[in-house]
Amino acid sequence: MAAQNRRFFTLPAACCYSERNSVMAQFWNEKRYHSLDFHMNQTFGDKIYKIAVDGGFTCPNRDGTKGWGGCIFCSAGGSGDFAASRQLNIRSQIDSGRKLLSGKHTGSKYMAYFQAFTNTYAPVSLLRKRFTEAIMQPDIVGLSIATRPDCLPEDVLLLLAQLNSIKPVWVELGLQTIHEKTACFIRRGYPLSVFSQAAAKLSQYGLETIAHVILGLPGESEDDMLATVSWLAKQPIQGIKLALLHVLKGTDLGDIYMKEPFLLPSMDSYIDIVIRCLEILPPEIVIHRLTGDGPRKLLIAPLWSTDKKNILNTLQKEMKLRNTWQGRLYAKEDS
């Protein structure tokens with residue numbers, strides 16, 4: 001099966017783009033989108049789980065440099081609610097993560113995921129110490145580093161490139177939306193041009209870039225969401241996370257929702273917009289996430305989002321029913 005999975009990389013150059021799309025759809029481990037599982041298996045030869053670690057950083061959108069309180073949807077844990085305690089060193093957090101995954105992961109390789117807050121917002125000396133401690137663990141195959149596009153100065157980019165020469169380093173950038181009105185509402189704290197510049201720089205340094213998008217932000221239509229994904233399809237990124245908006249306790253968004261509930265997508269409407277997003281993304285882009293995980297103890301809405309397995313199974317069935325796949329409507333001139 002592994003040999004079959006690699007076949008679409010060696011199609012004849014004369015094969016038109018639409019034909020390549022159709023062939024690709026057959027070989028993503030029977031999924032109709034370029035899944036992270038498939039990418040991990042192709043890259044590392046095994047199923048890889050991420051271990052969330054907390055590097056002990058903060059965020060310029062919390063300490064007053066860019067703003068206070070963070071983005072309105074962000075929890076007190078800075079989106080790192082699944083990581084071990086930041087009081088533990090990185091090695092101990094990875095050990096803890098291994099134990100948590102032992103019940104469902106039979107493999108022996110992991111990726112260290114620096115998820116909480118902004119993981120390049122610190123002096124390079126501290127970043128080097130934290131990242132090196134993780135990347136040098138024998139069973140860690142690489143790093144995934146979540147950050148902001150306005151926190152990537154040249155010395156940090158150089159450090160990431162150096163680490164990338166040891167093991168793969170992925171950089172995850174929180175975009176959420178291309179629409180400035182929404183970006184202002186969620187207190188993102190930077191203009192769209194900053195994302196473009198950061199993505200270009202990361203590409204120059206040979207670093208794999210993953211963009212985060214939130215679907216269902218208040219005030220955004222389906223056309224608005226599709227416009228964000230369409231714009232990203234033309235950027236120098238290698239992966240994307242499509243996340244459903246979660247309303248969490250202890251966030252400013254949660255307070256807004258409790259006072260005056262706003263419309264959130266139903267499961268059916270969410271699956272529909274995800275499929276439409278996948279159709280306009282190039283087949284080469286890896287889909288790192290399709291729903292997102294809201295901590296159950298904090299989740300206010302939508303409650304249907306807790307059944308992740310059902311969402312993904314329903315998505316796959318619906319894509320088969322529509323006979324569609326990632327990249328089906330992606331416009332690219334044939335060579």
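In this text, all values refer to a predicted model and were calculated from it rather than measured experimentally. Note that these values count all heavy atoms, side chains included, but never hydrogens, waters or copies made by symmetry. Just so you know, residue 1 is the first one in the sequence shown, and it goes up from there.
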task = Locate the shortest heavy-atom distance separating Arg187 from Gly70; write the atom from each residue and the value.
result = NH2-O, 2.9 Å
ask   = Quick one: do Arg188 and Asp150 make a salt bridge, cutoff under 4.0 Å?
value = no
message = For Glu154, I'd like to know if atom CD has over 12 heavy atoms of other residues, nucleotides or ligands within 6.0 Å.
response = yes
ask   = Under 3.5 Å, is there a donor-acceptor pair between the side chain of His179 and the main chain of Asp224?
value = yes
message = How long is the straight-line distance from CG of Leu207 back to CG of Leu157, given to the nearest 0.5 Å?
response = 7.0 Å
query = Parallel, tilted or perpendicular: which describes the rings of His34 and His39, with under 30° parallel and over 60° perpendicular?
reply = perpendicular
ask   = Which pair of heavy atoms, one from Asn164 and one from Val169, lies closest together, and at what distance?
value = OD1-N, 2.9 Å
request  = Supply the atom-to-atom distance Leu159 CG to Leu127 CG, rounded to the nearest 0.5 angstrom.
outcome  = 6.5 Å
ask   = Please walk me through it: do Asp95 and Ser92 pass side-chain hydrogen bond (donor to acceptor under 3.5 Å, both in side chains)?
value = CA-CA 5 Å; Asp95 288 342; Ser92 296; 5.1 Å; no
key: Donor-acceptor pair, side chain of Gln93 and main chain of Gly55, under 3.5 angstrom   = no
ask   = When rounded to the nearest 0.5 angstrom, what is the spacing between CG in Asn89 and NZ in Lys129?
value = 9.0 Å
request  = Quick one: pull up OG1 in Thr324 and CZ in Arg328 and give me the separation to the nearest 0.5 Å.
outcome  = 4.0 Å
request  = First locate atom CG of Asp139, then atom OH of Tyr110, and finally report the distance between them rounded to the nearest 0.5 Å.
outcome  = 6.5 Å
ask   = Distance only, no hydrogens: is a donor on one side chain within 3.5 Å (strictly under) of an acceptor on the other, for Asp63 and Thr65?
value = yes
query = Are any side-chain N or O atoms of Gln238 and backbone N or O atoms of Ile210, one a donor and one an acceptor, separated by less than 3.5 Å?
reply = no
query = What's the spacing between Lys241 NZ and Leu215 CG if we round to 0.5 Å?
reply = 14.0 Å
query = Asn29 side chain to Lys31 main-chain N or O, any donor-acceptor pair under 3.5 Å?
reply = no
ask   = Which class fits the ring pair Tyr270 and Trp304: parallel under 30°, tilted 30 to 60°, perpendicular over 60°?
value = tilted
Ring-face cation of Lys201 near Tyr205 (centre distance under 6.0 Å, axis angle within 45°) = no
